[in-house]
Amino acid sequence: MTITENCNNVYIDDYIIPKGIEKMDLKARENVVWAMLGKWLSINPLKRKKNENLNDFIYLRFDGMQETVNKAARNYKSTMAVFELDFILANAAKIGTDKPKSKRQEKFSEMLIMTANTPIFLPHFCKVKMLVGITKQKRNAKKIQYSITAIEPML
């Protein structure tokens, strides 16, 4: 992965991630996140990744992808974190739980709060927060990736 940047953008391979806060910058970041999620899904047709900490699969579903796009597009570092989706799904560690807080989260019985330290983005090393919803089915409850956001720079 080739990463370069200037004061306005971060360039990762063929993707341009604007650093700005204008509406067009957010839209450009949304497009990058959708592209990365689509690329991940084409490589992972079962739409899941085994998480080592949970010893269970975390699934990608449309509503979680949509929420990830909304959250990750707000900040260019969060957009960059989506490039590490595979690593985050596999290596994030549970740090807590929460009850569903919004209308969009109502379909989940519980929200897992997980974090991972992304390994690639120098000088942008950051801790990433991932929310994972647990579906309400008693017998076949699944863990669904809900959102990913960069939460702090690592020093």
Side-chain angles (χ1 to χ4, degrees), residues 1-3 5 10-15 17 26 28-155:
M1 189 177 305
T2 306
I3 303 169
E5 73 176 292
V10 175
Y11 304 90
I12 301 176
D13 295 334
D14 295 330
Y15 298 95
I17 302 169
L26 270 73
R29 289 193 297 264
E30 284 179 2
N31 291 335
V32 169
V33 175
W34 276 120
M36 291 311 303
L37 291 171
K39 187 176 180 179
W40 189 89
L41 289 170
S42 69
I43 296 168
N44 298 280
L46 296 176
K47 302 177 184 178
R48 67 183 189 184
K49 183 74 176 183
K50 179 92 177 224
N51 178 275
E52 298 300 320
N53 183 262
L54 299 175
N55 197 28
D56 200 359
F57 289 103
I58 297 177
Y59 291 82
L60 251 65
R61 297 289 185 261
F62 179 76
D63 51 347
M65 292 188 302
Q66 192 169 21
E67 190 67 21
T68 295
V69 170
N70 292 339
K71 298 276 188 199
R74 292 181 189 172
N75 176 308
Y76 79 94
K77 289 183 182 181
S78 294
T79 302
M80 291 172 66
V82 177
F83 281 81
E84 287 297 307
L85 177 63
D86 205 59
F87 177 86
I88 295 165
L89 289 172
N91 296 293
K94 178 180 161 186
I95 61 165
T97 61
D98 208 349
K99 297 209 181 298
K101 292 184 176 180
S102 70
K103 186 112 174 123
R104 289 182 179 175
Q105 294 177 358
E106 281 181 347
K107 65 181 130 243
F108 300 114
S109 62
E110 184 177 42
M111 301 301 290
L112 302 179
I113 303 164
M114 304 182 78
T115 61
N117 294 329
T118 59
I120 290 193
F121 295 113
L122 288 169
H124 300 284
F125 268 75
C126 63
K127 186 175 276 192
V128 176
K129 174 183 171 185
M130 176 172 65
L131 288 180
V132 174
I134 299 177
T135 58
K136 290 184 176 180
Q137 295 96 344
K138 300 238 188 254
R139 252 189 119 151
N140 250 352
K142 290 188 176 168
K143 293 169 179 69
I144 309 295
Q145 182 271 331
Y146 185 73
S147 69
I148 292 175
T149 52
I151 56 174
E152 62 187 62
M154 299 277 298
L155 300 177

Answer yes or no: does atom NZ of K50 have more than 12 heavy-atom neighbours from other residues, nucleotides or ligands under 6.0 Å?
yes
Here's a test for you: under side chain to side chain contact (heavy atoms under 4.5 Å, CB included), which of L85, I148, N70, V69 qualifies with V33?
V69
Answer whether the closest heavy-atom distance between the side chains of [X] and [Y] falls below 4.5 Å.
X	Y	answer
K107	T135	no
I134	T97	no
L112	K143	yes
Q145	I88	no

Could you walk me through whether F57 and K142 pass the side-chain contact (heavy atoms from CB on, under 4.5 Å) test, one step at a time?
CA-CA 8 Å; F57 289 103; K142 290 188 176 168; over 6 Å; no
When you measure from the side chain of [X] to the backbone N and O of [Y], does any donor-acceptor pair fall under 3.5 Å?
X	Y	value
T149	S78	no
N51	I58	no
K39	F83	no

Enter the distance from [X]:[atom1] to [Y]:[atom2] here, rounded to the nearest 0.5 Å.
X	Y	atom1	atom2	value
K77	K127	NZ	NZ	14.5 Å
L37	N44	CG	CG	11.5 Å
K94	L54	NZ	CG	7.5 Å
M111	M130	CE	CE	10.5 Å
D63	T68	CG	OG1	9.5 Å
R61	Q66	CZ	CD	15.0 Å

Whether Y146 and F108 hold their rings parallel, tilted or perpendicular, with breakpoints at 30° and 60°
perpendicular
Is it true that D86 and K49 make a salt bridge, defined as a side-chain N closer than 4.0 Å to a carboxylate O?
yes
Go through L89 and W40 one step at a time and tell me if the side-chain contact (heavy atoms from CB on, under 4.5 Å) criterion holds.
CA-CA 11 Å; L89 289 172; W40 189 89; 3.6 Å; yes
Would E67 and L131 satisfy side-chain contact (heavy atoms from CB on, under 4.5 Å), going step by step from the backbone distance to the final call?
CA-CA 10 Å; E67 190 67 21; L131 288 180; over 6 Å; no
Looking at every non-hydrogen atom in both residues, tell me the closest pair between P100 and E106 and how far apart they are.
CB-N, 4.4 Å
